[in-house]
Amino acid sequence: MDGLIPPLLNGTAQGALLLLAALGLSLTFGQMGVINMAHGEFLMAGAFIAYLTQQVISSSDLSIPVALPLAFLGAGLLGLLVEVSIIQWMYRRPLDTLLVTVGVSLILQQAALQIFPAQGVPVEKPGWLDGQLAVLGYDWPLRQVFTLVLAALCVAALAGWLKYSSFGRRIRATVQNRDLAETSGVPTRSIDRITFFVGSGLAGVAGVAASLIGGTNSQMGTQYIIPAFLVVVAGGIGQIKGTIIAAWVVGVAMAYFADWTTGSLAQVLAFVLVVVFLQFRPQGLFTVRTRGLT
Amino acid sequence: MTVTDGSLVVTDLRVEFDGFVAVGGVSFDAHPGEVRFLIGPNGAGKTTCIDAITGLSKGSGSARLGGQELLGKPAHKIVRLGVGRTFQTASVFDELTVLQNLDIAAGLHRSSLSLLRARRGVDPAIHRALEETGLSRELATPAGILSHGQKQWLEIAMLLVQDAKVLLLDEPVAGMSLDERTATGELLGRVAATRTVLVVEHDMDFMRRFASRVTVLHQGKVLSEGSVAEVQSDPRVQEVYLGTAAAPSVMTIGREDD
Amino acid sequence: MKNLKPWLPLIGIGVLALVLLAVAPSVLSMHWINNLGKYCCWAIAAVGIGLAWGRGGMLVMGQGVFFGLGAYSMAMHLTLESAGPDSLPIFMILYDPLAPLPAFWEPFRSDLFTLLAILLLPVIVASILGYALFKSRVKGAYFAILTQALAVALAVLISSTIRETGGDTGLSDFKYFFGFVLSDDGNKLMVYLIAAALLVVCLLVVWQLGRSRFGELLIATRDAEERVRFLGYDPANIKLVAFVVAAVMASIAGAMFVPIVGIITPQEIGASASILMIAGVALGGRASLFGPALGAMAIGWGQSSLGSSWPSGWIYILGLLFILVTLFLPMGLSSLVGKVTGLVWRPRATPTATTPAPEFTAPEFTEVKK
């Protein structure tokens, strides 16, 4: 019994990080249908912004809180740039957005490799994350608790935004029938841009959290992109609730697997878990049925 | 009508979507030799009935072809038993030619190995279906550039070459010109000589001209059943149709083109 | 003359075979023959991707898995052959000289088992994975992401099992290839010729599949899966066949890659390697017969020449290629060529057929006698 608690706590924190990475995807992929393979590089951009912020504000106590909105803005603007220059031409060819953003991701990785040292950069943890929180008789590092709190805040903000502004409705209208939405007076272009900005910005926030837990380097995006997509897929399309549960389950499952086997085998097992899960609940993978066959 | 191997007998069919009852205990039957119509206002459950029979939606109750129960079988197996259908929007393979479309439809009884060979010559059944539907000249035309009516006929031709015992047609004449409707109606009459034909239709005029027997659905239940004249004189049917703005006048008898 | 057109692809394959098997060996240096052999391997995998993605609509982003199955099967065999009977591979001795050979290595001492593994392992894995995914109707982006996830998972697994698979350093230093000394130029040429011949065979297989009824059915499934279901076919089975064929081709490619390149590492089978395989297919034209193979060769050439002389620039070019091809030439370069030569698979409307159908065509069949 004793050995069961630490993986639960670790896994919960890992799941929270996954959730942060997946949250933006659930918006751009789940709501807009864009398969953004550069999402991991937007996350990387957020991590590098955290590093750059620390170069200006030397106190790490202060720099991380400052870096969070900056990372959101920076990654968001990066996303906006990609949307305006490339993705806006591809809304009618969703699968092709995958290929196009693979290209974007390669370019961003290479750019990061040339701008920053190849071995990566250190991001210092703020002093107020040094302690531990006593949970169920175990010391839960505040660093992990911070990820969890950050994820919770982002989920609450996103859910609130989608629910209490007319935005959620407009996004759905745009996705489900672009032409009809346009003729009904929905400004589809600005909806696309704002949604993509927010989705990418969330990746930036996730990047700051990731920089406090793992290394900050040009390859870090590739670690997160596939697990994040798996979480969105398993959670069901456009379902924030589903994404939360999936992220937590995958995170905790991987922590237990890693505890019993090895970290790498855990990844393999987590993948198998998702595929098996999809056997039993393929719902949400279907498109909405119509009377014609499309 | 006597039940034959080619008869479709639906008993107490129910379809629910998340608690919403789309079809609530519908029974009807259709036999070779008649052009059977299923009509009703929007939302009556006509298409849903067909979806359930063909395995697209889950339904309970019973739908039998001859002695075979259809419900619960996967869609492609139901087709292999001899139940073919069309869709409201013409669903042909736009990138393939008319011949290739028909060849695929004709192929369901071929062995897997023969699929690996290229097509040589044209199946006689395909020639017969092309003549029957008047598409002979379009053999090499990509299906995507056929006119709307021609696509619908191609779909019917595909059902003929796949040798369906039961043809379920979902609004086959929607969007067709009057002449195309007449041609389609006559085609269905000829097809029905040897096969069971069930047509879901909104167009009351078309129904009146070509139906042998009609079942009227309303809110997921059978409202009335019988010949065209019987159904038209049924006060409940008149109430439903007069009560809805959708099609008040089409049920009246004796239009100029009759 | 009018019957020539269906045979044009065959003539094209013949020309390619002539160039690869006869012309290239007589004009190229051994260095370039070896490089060309490597490109042929990527081209073999690409031909399979063309079938699965271009014709079948399945964006297979994890072909590195099957490439890896073939490559590691071959590499384990060659490693054992180089080590000699009853001895451990050198990397295992360095790791722990007393430990026994892992059980799954043992059968790879056999030539026959190795060849069977190269052909059958991808069949087994692709069948299980494909069956699971296609039956639960996973498609499009979901399919692409799940296959890519599998490639990542396999690469991670191999990286971490240093004792069993050599980990990140991979397997290398192969001395023999089924009894032939690999350092010998004549034998190197032979290995190249096998790879080139296999590429020709794969092209022939895909050509035949493309002109067969199965090929038409596959296109039909790609364009309207649900409609195919209502013609009495199970689309899952149709896609499964294409997926498995593509997997076997990737495995063959991986198996030949090993003796030609002399090393296999997890980097060659992971996410970026799988994406590189896609790049060539997208560039060449996924739906065409020759596009994937030629595209893969072009990307392979860029990878090994530009990639080593100007690595950062090559990545930028690759990235831009993805963006520009997808934006402006979704059907690849062959869609330009195809208009001229008719080598592209997609059926094209003949000039008479593109004239709009007459507005009034209906009553024709009312006159047809029963």
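Below, read A as the first sequence line, B as the second, and so on, with proteins coming before strands; counting in each chain starts at 1.
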For this session: Carefully, step by step, assess C:Arg229 and B:Val79 under the rule side chain to side chain contact (heavy atoms under 4.5 Å, CB included).
Result: CA-CA 8 Å; C:Arg229 199 186 303 283; B:Val79 177; over 6 Å; no
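Scored by the salt bridge (charged side-chain N to carboxylate O under 4.0 Å, His left out) test, B:Asp163 finds B:Arg195 as partners (sequence neighbours excluded). Remark: B:Ser60 engages B:Arg14 in a side-chain contact (heavy atoms from CB on, under 4.5 Å) (not counting sequence neighbours). Judged as a salt bridge (charged side-chain N to carboxylate O under 4.0 Å, His left out), and not counting sequence neighbours, the contacts of C:Arg213 are B:Asp103.
C:Ile219 contributes atom CD1, which lies 12.0 Å from atom CG of B:Asp94 (distance to the nearest 0.5 angstrom). Atom-to-atom distance recorded for C:Leu231:CG and B:Gln162:CD is 5.5 Å, nearest 0.5 angstrom. Taken to the nearest 0.5 Å, the CG atom of C:Leu218 stands 11.5 Å off from the CG atom of B:Leu115.
When atom types are taken as modelled, the side chain of B:Glu95 and the backbone of C:Asp223 share no donor-acceptor pair closer than 3.5 angstrom. Of the possible donor and acceptor atoms, one in the side chain of C:Arg227 sits under 3.5 Å from a partner among the backbone N and O of B:Ser91.
Between C:Glu216 and B:Asn101 there is no side-chain heavy-atom pair separated by less than 4.5 Å.
Heavy-atom distances place the side chain of B:Met158, and not its backbone, under 4.5 Å from chain C.
Of all the heavy atoms in C:Phe230 and B:Thr54, the pair that sits closest is CE2-O, 3.3 Å.
Interface with chain B: from residues 232-242 of chain C, residues C:Gly232, C:Tyr233, C:Asp234 qualify, criterion being any non-hydrogen pair under 4.5 Å.
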